Amino acid sequence: MPYDPENPMKDRITDIGPAHYEQFFPEIVKKNYGKWDYHEILEPGIMVHHSETGDELYTVRVGGTRIMSVEHIREVCDIADKYCNGHLRFTTRNNIEFLLDDKSKLQPLIDDLKTRGNRFPIGGTGAGVTNIVHTQGWIHCHTPATDASGVVKSILDELFDHFQGMKLPAHVRISLACCLNMCGAVHASDIAIVGIHRKPPMIDDEYLEKLCEIPLALAACPTAAIKQVKREDGSRSVEINIERCMFCGNCFTMCPAMPLADPEGSGIAIVVGGKISNRITKPQFSKVVIPFLPNEPPRWPSTVKAVKDILEAYAKDARKYERLGDWAQRIGWERFYEKCGIPFTEHVIDDYRFAYLSWRQTTQFKWTD
Ligand code: SF4
Ligand code: SF4
C-alpha cells in the first residue's frame with residue numbers, strides 16, 4: 001500500500017521485532033496481570049505467588065546453564081508440557097522456572113525433577129547463591145581474557161550447597177565478564193569475576209594491511225595510542241604507544257591482526273560489593289579487591305578459592321539482611337581485606353580520574369590489628 005499522509009497510521013507495521021510477550025503468558029498469569037499481591041518462598045527453589053483474586057501460582061526454580069544443548073532444551077520442554085501446560089520461564093540468571101496453576105502437581109513435579117540426576121537442581125532463591133551469569137568466554141567471543149562457562153562451572157561446583165540452601169545473611173549475586181568491555185555488566189554484583197588483559201596488542205605485519213582498515217583501528221582506540229606507520233618494504237602498518245595503552249582490546253575488534261590475548265598477560269580480577277537493590281542502602285558499584293589471578297584451566301583453583309574465601313568470611317561475619325558491600329563498609333574495607341585473607345596492594349587503590357565522588361573523602365580510618 002502506498003503511504004497516505006492523510007492517514008499515517010493505516011496499515012502501519014509497528015512491531016517487527018519479537019512477538020509480544022503477552023502471547024506467551026500462561027493463562028493464570030494473563031488473568032492476574034497487575035493483580036499479584038505478594039509471594040512466599042516455601043523452601044529453597046519453591047515459591048508461591050498470591051493474587052488479589054485468590055489465585056495461587058506455584059513456581060519450581062531449577063538451575064540452568066547459559067549455553068544449553070538441544071537435547072537439554074527438549075527435556076526442559078517435555079517437563080513443561082507434562083506439568084505446566086507447555087509454559088516455562090527463564091530468569092535473567094539462566095534459571096528455569098516451571099510454573100504451576102495447580103498445587104496438586106507440585107510434589108509430582110519435584111519428585112520427577114529429582115529422578116533426573118543433577119540436571120535440574122532445585123534452588124536459586126532467597127538468601128543463597130543463585131545461578132552465576134556470565135558472558136561468552138573462549139567458546140564464542142574474540143576478546144576474552146579468560147573463559148566464562150569453565151570458570152563459572154568450577155565456582156558453582158564448589159558453592160553448590162549455597163545454590164540449594166538459603167543460609168547466607170542475604171542474597172549473593174556472583175557474575176562473570178570475560179573482558180573489560182563487560183557485556184555482562186557485572187559491576188553491580190556482590191562478587192564479580194572480570195577478565196583483564198595486561199599486555200598491549202601484538203602487531204602481525206604479515207596480515208595487518210590485508211585484513212584491516214587501519215583508520216578504523218586508529219579510531220577505535222579510546223586513548224589515541226595507535227598511529228599509522230610505513231614499513232621499509234612500503235607496506236602500511238601501525239605502532240602502539242605502550243604508555244597510553246590500557247589493554248581494552250577495542251583495536252582487536254576492528255583489526256584481527258592486533259591480538260592481545262596472552263597466556264601470562266591475560267587473567268582475572270575480582271571485584272566485590274556492588275548491588276542494584278535499594279534495600280537498606282542505595283545501589284552501589286563494586287570495587288577491585290584482587291587485581292590479578294592467572295588463568296588456570298580447566299578448574300581455575302586460585303579463582304575458586306578467592307571467591308569461596310570471600311563468601312565464607314561474609315557468611316561468618318555479616319549481620320542478617322546485610323549484603324556483601326554493606327558488610328564491608330560497616331566493618332571497614334581495611335578489616336574486609338584482613339578477614340578475607342586478601343593482601344592489600346597499590347593496584348586496588350581507586351585512581352580513576354573521574355571517580356571523585358567514589359573516593360573516600362575523609363580522614364577516618366578503621367584501624368585493624
Ligand atoms: Fe566478549 Fe568481552 Fe563480552 Fe566476554 S565480556 S563476551 S570478551 S565482549
Ligand atoms: Fe588502544 Fe585499547 Fe588497542 Fe590499547 S588495546 S591500543 S588502548 S584500543
Side-chain angles (χ1 to χ4, degrees), residues 65-68 92-94 131-155 173-189 191-205 207-209 211-229 236-271 274 285-286 288 290-295 297 300 303 307 351-354:
T65 54
R66 189 173 186 278
I67 298 165
M68 290 181 178
T92 49
R93 290 190 162 256
N94 312 318
N131 223 344
I132 301 180
V133 276
H134 65 83
T135 48
Q136 340 284 337
W138 289 335
I139 202 166
H140 186 68
C141 197
H142 62 297
T143 49
T146 185
D147 192 21
S149 328
V151 187
V152 164
K153 163 81 175 141
S154 308
I155 294 171
R173 301 289 187 231
I174 306 181
S175 314
L176 182 146
C178 43
C179 86
L180 291 184
N181 288 324
M182 237 199 249
C183 64
V186 302
H187 50 285
S189 305
I191 304 176
I193 302 124
V194 185
I196 55 162
H197 296 292
R198 297 184 304 168
K199 291 190 180 178
M202 296 160 266
I203 294 166
D204 191 343
D205 273 338
Y207 293 104
L208 196 136
E209 198 179 13
L211 279 175
C212 307
E213 286 188 40
I214 291 176
L216 271 186
L218 265 57
C221 180
T223 60
I226 312 173
K227 70 172 181 188
Q228 183 176 326
V229 292
R236 290 179 313 145
S237 184
V238 295
E239 262 176 23
I240 292 170
N241 178 349
I242 291 172
E243 292 298 308
R244 296 188 78 120
C245 179
M246 60 175 184
F247 327 126
C248 67
N250 275 3
C251 50
F252 179 55
T253 301
M254 291 298 155
C255 174
M258 298 174 70
L260 77 169
D262 179 86
E264 282 168 16
S266 305
I268 282 171
I270 306 279
V271 303
F285 285 133
S286 323
V288 178
I290 301 183
F292 188 78
L293 292 166
N295 274 323
W300 277 271
T303 303
V307 171
D351 61 352
Y352 177 52
R353 69 192 166 112
F354 295 121

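Keep in mind the model is a prediction, meaning the values are calculated, not measured. Each ligand, and each atom within it, is numbered from 1 in the order the structure gives.
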Kindly confirm or rule out an SG-SG distance below 2.5 Å between Cys221 and Cys251.
-> no
Arg66 side chain to Asn94 backbone, donor-acceptor under 3.5 Å | no
Atoms of ligand 1 less than 4.0 Å from Pro144 heavy atoms?
-> 7 (S)
Polar side-chain atom of Arg198 near backbone of Glu264 as donor-acceptor pair, under 3.5 Å = yes
For ligand 2, which atoms have a heavy atom of Ile226 less than 4.0 angstrom away?
-> 6 (S)
Tell me, which protein residue and heavy-atom name are nearest atom 3 (Fe) of ligand 1, and how many Å apart are they?
-> Cys183 SG, 2.2 Å
Distance filter under 4.0 Å to Thr143 heavy atoms, resulting ligand 1 atoms | 1 (Fe), 2 (Fe), 7 (S)
Sub-3.5 Å donor-acceptor pair from the side chain of Thr223 to the main-chain atoms of Arg244, do we have one?
-> yes
His187 versus Ser286, side-chain donor and acceptor atoms under 3.5 Å = no
In this structure, are over 12 heavy atoms from other groups packed under 6.0 Å from Ile139 atom CD1?
-> no
Ranked by distance from atom 6 (S) of ligand 1, the top protein heavy atom is Gln136 CG, 3.0 Å
His140 atom NE2: more than 12 heavy-atom contacts under 6.0 Å | no
Per-atom contacts, ligand 2 versus Cys221 - under 4.0 Å to a heavy atom = 1 (Fe), 6 (S), 7 (S), 8 (S)
Give a yes or no on whether Cys179 keeps an N, O or S atom under 2.8 Å from atom 3 (Fe) of ligand 1.
-> no
Got a sec: is Cys245 within less than 2.8 Å of atom 2 (Fe) of ligand 2 via an N/O/S atom?
-> no
A student checking ligand 2 against Thr223 at a 4.0 Å heavy-atom cut-off should list atoms 7 (S)
Please write down residue, atom name and distance for the protein heavy atom closest to atom 2 (Fe) of ligand 2.
-> Cys248 SG, 2.4 Å
Between His197 and Thr143, is there a donor-acceptor pair closer than 3.5 Å when you use the side chain of the first and the backbone of the second?
-> yes
Spacing of CD1 belonging to Ile203 relative to CG belonging to Leu260, to within rounding of 0.5 Å | 11.5 Å
Which residue and heavy atom of the protein sit nearest atom 1 (Fe) of ligand 1, plus the separation | Cys141 SG, 2.2 Å
Backbone of Asp205 reached by a side-chain donor or acceptor of Ser237 within 3.5 Å = no
Ligand 2 atoms nearer than 4.0 angstrom to some heavy atom of Pro222 are 8 (S)
Closest approach of any protein heavy atom to atom 7 (S) of ligand 2, naming residue and atom = Met246 N, 3.4 Å
Atoms in ligand 2 flagged as close to Cys251, the criterion being non-hydrogen separation under 4.0 Å | 3 (Fe), 5 (S), 6 (S), 8 (S)
Any Pro200 heavy atom less than 4.0 Å to ligand 2 | no
Atom 4 (Fe) of ligand 1 sits nearest the protein heavy atom Cys178 SG, 2.3 Å
